[in-house]
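Below: one structure, written as structure tokens.
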Amino acid sequence: MKIISYNLNGIRAALGKGLLSWLSEVDADVFCVQETKAQPEQIDTIAFSELGYKYSYIHSAEKKGYSGVAIFSKCEPDRVEVGMHHNLYDREGRVLRADFGDLTIVCVYVPSGTTGDIRQEFKMDFLDAFYKYINELRKERENIVVCGDYNICHKPIDINHPERQKGVSGFLPEEREWMDKLEESGMVDSFREFCKESNQYTWWSYKFGARERNAGWRIDYHWVSEPLKERLKRAVIHTEAVHSDHCPVEVVID
């Protein structure tokens with residue numbers, strides 16, 4: 001199964017930039033998106049269906065034009081679950097789950113803490129709740145893929161000039177420690193199973209030509225549970241895609 005995750009920074013804007021043409025070329029089985037910034041009725045699911053993604057599941061934020069996640073699939077999941085049963089976070093449209101046979105895919109959009117202390121605290125509280133949610137889910141679903149925009153660079157290799165990023169949300173010690181804890185719990189960073197190189201990023205600021213200078217951050221991931229490690233066939237960043245300030249990330253599981 002080929003799974004692609006993509007923070008679109010607005011699905012309607014991305015569609016206007018040729019997203020569907022690109023998606024038809026990469027031919028994913030499941031397409032998970034974050035930051036849709038749209039209500040369900042504003043998303044052209046028919047256009048996705050015409051590409052073969054006949055099953056669309058959308059979890060929008062209550063606030064219009066904000067956050068939101070979605071899963072588009074060519075095959076029908078056995079089960080779909082919206083949110084993580086926590087109204088404070090679910091109202092922002094941040095978590096969506098779909099089960100396909102013995103495989104569970106969770107699409108997540110972790111809050112950003114860049115706007116100040118209040119949202120940083122919200123982010124850390126979300127991470128605590130999400131960690132508990134994932135661990136409870138793993139008790140019943142052994143094979144799990146947790147894909148999305150985590151808004152965290154795990155290690156210095158995942159960010160440009162790490163020495164300059166101290167005290168910056170997205171690279172705070174407590175955020176990175178959370179990812180350490182996720183890894184120690186038995187989750188695997190699929191991309192790093194295939195690529196150990198630095199300067200491999202998934203997000204660049206629109207400012208100051210950051211993308212052209214490759215002054216980026218790797219904040220988009222497919223974390224997979226340990227039992228799936230042997231079934232990993234490929235994990236890449238699609239740097240050619242330019243529909244957003246993020247790049248899509250792909251994982252292939254046998």
Side-chain angles (χ1 to χ4, degrees), residues 1-7 26-36 48 52-60 67-87 89-90 92-111 126-152 154 178-179 181-194 219-236 248-254:
M1 177 179 281
K2 180 189 288 190
I3 307 162
I4 289 181
S5 176
Y6 201 172
N7 179 315
V26 295
D27 193 29
D29 298 297
V30 180
F31 184 48
C32 300
V33 302
Q34 304 86 44
E35 208 170 0
T36 58
F48 283 94
Y53 299 93
K54 298 187 180 299
Y55 304 96
S56 303
Y57 306 95
I58 298 164
H59 181 25
S60 299
S67 190
V69 291
I71 296 177
F72 302 92
S73 177
K74 292 183 176 179
C75 54
E76 185 176 11
D78 306 309
R79 174 178 176 176
V80 173
E81 189 172 276
V82 176
M84 55 179 183
H85 310 300
H86 198 306
N87 184 60
Y89 308 118
D90 293 347
E92 291 197 356
R94 295 198 174 272
V95 177
L96 189 59
R97 163 192 169 187
D99 295 349
F100 300 87
D102 72 340
L103 182 68
T104 289
I105 299 173
V106 176
C107 177
V108 63
Y109 178 38
V110 172
F126 173 89
L127 289 171
D128 286 343
F130 187 62
Y131 181 82
K132 293 174 184 175
Y133 166 79
I134 292 299
N135 276 340
E136 284 300 311
L137 181 57
R138 288 169 64 192
K139 291 178 182 178
E140 59 177 283
R141 302 289 296 177
E142 184 180 54
N143 300 313
I144 181 171
V145 178
V146 187
C147 66
D149 176 0
Y150 284 71
N151 270 311
I152 301 171
H154 186 197
W178 182 88
M179 279 203 159
K181 184 171 71 170
L182 186 69
E183 189 170 46
E184 290 163 3
S185 76
M187 297 295 288
V188 177
D189 180 351
S190 61
F191 180 73
R192 287 304 182 198
E193 290 298 301
F194 295 88
I219 57 177
D220 303 88
Y221 302 80
H222 288 282
W223 283 87
V224 305
S225 56
E226 183 70 29
L228 286 176
K229 187 174 178 178
E230 293 183 357
R231 292 167 58 182
L232 288 172
K233 298 301 178 184
R234 169 180 162 94
V236 297
V249 291
E250 172 189 320
V251 70
V252 178
I253 297 172
D254 192 5

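Side chains are part of it too, since the values below use all heavy atoms of this structure and drop only hydrogens, waters and symmetry mates. Values in this document were obtained by computation on a predicted structure and should not be read as measured data.
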Could you measure the distance from the [atom1] atom of [X] to the [atom2] atom of [Y]? Nearest 0.5 Å is fine.
{"X": "M1", "Y": "C75", "atom1": "CE", "atom2": "SG", "value": "4.5 Å"}
{"X": "W223", "Y": "R192", "atom1": "CH2", "atom2": "CZ", "value": "10.5 Å"}
{"X": "D220", "Y": "N7", "atom1": "CG", "atom2": "CG", "value": "6.0 Å"}
{"X": "N143", "Y": "I105", "atom1": "CG", "atom2": "CD1", "value": "11.5 Å"}
{"X": "E81", "Y": "L96", "atom1": "CD", "atom2": "CG", "value": "9.5 Å"}
{"X": "R234", "Y": "D254", "atom1": "CZ", "atom2": "CG", "value": "14.5 Å"}

Criterion side chain to side chain contact (heavy atoms under 4.5 Å, CB included) on R79 and R97, from CA distance to verdict: CA-CA 8 Å; R79 174 178 176 176; R97 163 192 169 187; 3.7 Å; yes

May I ask you to decide if [Y]'s main-chain N or O and [X]'s side chain share a donor-acceptor pair within less than 3.5 Å?
{"X": "Y221", "Y": "I152", "answer": "yes"}
{"X": "S190", "Y": "H222", "answer": "yes"}
{"X": "D90", "Y": "M84", "answer": "yes"}
{"X": "T104", "Y": "I144", "answer": "no"}
{"X": "S73", "Y": "Y55", "answer": "no"}
{"X": "K229", "Y": "E193", "answer": "no"}
{"X": "R94", "Y": "V108", "answer": "no"}

For the residue pair [X] and [Y], what are the closest heavy atoms and their distance?
{"X": "V30", "Y": "F100", "value": "CG2-CZ, 4.0 Å"}
{"X": "I58", "Y": "A70", "value": "CG1-CB, 4.1 Å"}
{"X": "V224", "Y": "V145", "value": "CG1-CG2, 4.0 Å"}
{"X": "E92", "Y": "S67", "value": "O-OG, 2.7 Å"}
{"X": "A28", "Y": "K74", "value": "O-CE, 3.3 Å"}
{"X": "S56", "Y": "F72", "value": "OG-CD2, 3.3 Å"}

Whether W178 and Y150 hold their rings parallel, tilted or perpendicular, with breakpoints at 30° and 60°: tilted

Test: E184 and K181 ion pair at under 4.0 Å: no

Salt bridge (Lys or Arg N to Asp or Glu O under 4.0 Å) pairs, two or more places apart, involving residues 141-151: D99-R141

Are [X] and [Y] side-chain neighbours, meaning at least one heavy-atom pair lies under 4.5 Å?
{"X": "F194", "Y": "V236", "answer": "no"}
{"X": "E183", "Y": "H154", "answer": "yes"}
{"X": "Y89", "Y": "V95", "answer": "no"}
{"X": "H86", "Y": "Y133", "answer": "no"}
{"X": "S185", "Y": "R138", "answer": "yes"}
{"X": "V249", "Y": "C147", "answer": "no"}
{"X": "V110", "Y": "I219", "answer": "no"}
{"X": "L182", "Y": "F130", "answer": "no"}

Within 6.0 Å of CD in E230, more than 12 heavy atoms from elsewhere: no

Heavy-atom neighbours of K132 NZ exceed 12 at 6.0 Å: no

Verdict with reasoning, F191 to V251, per side chain to side chain contact (heavy atoms under 4.5 Å, CB included): CA-CA 8 Å; F191 180 73; V251 70; over 6 Å; no

Intermediate values then yes/no, side chain to side chain contact (heavy atoms under 4.5 Å, CB included), C32 and I3: CA-CA 7 Å; C32 300; I3 307 162; 4.3 Å; yes

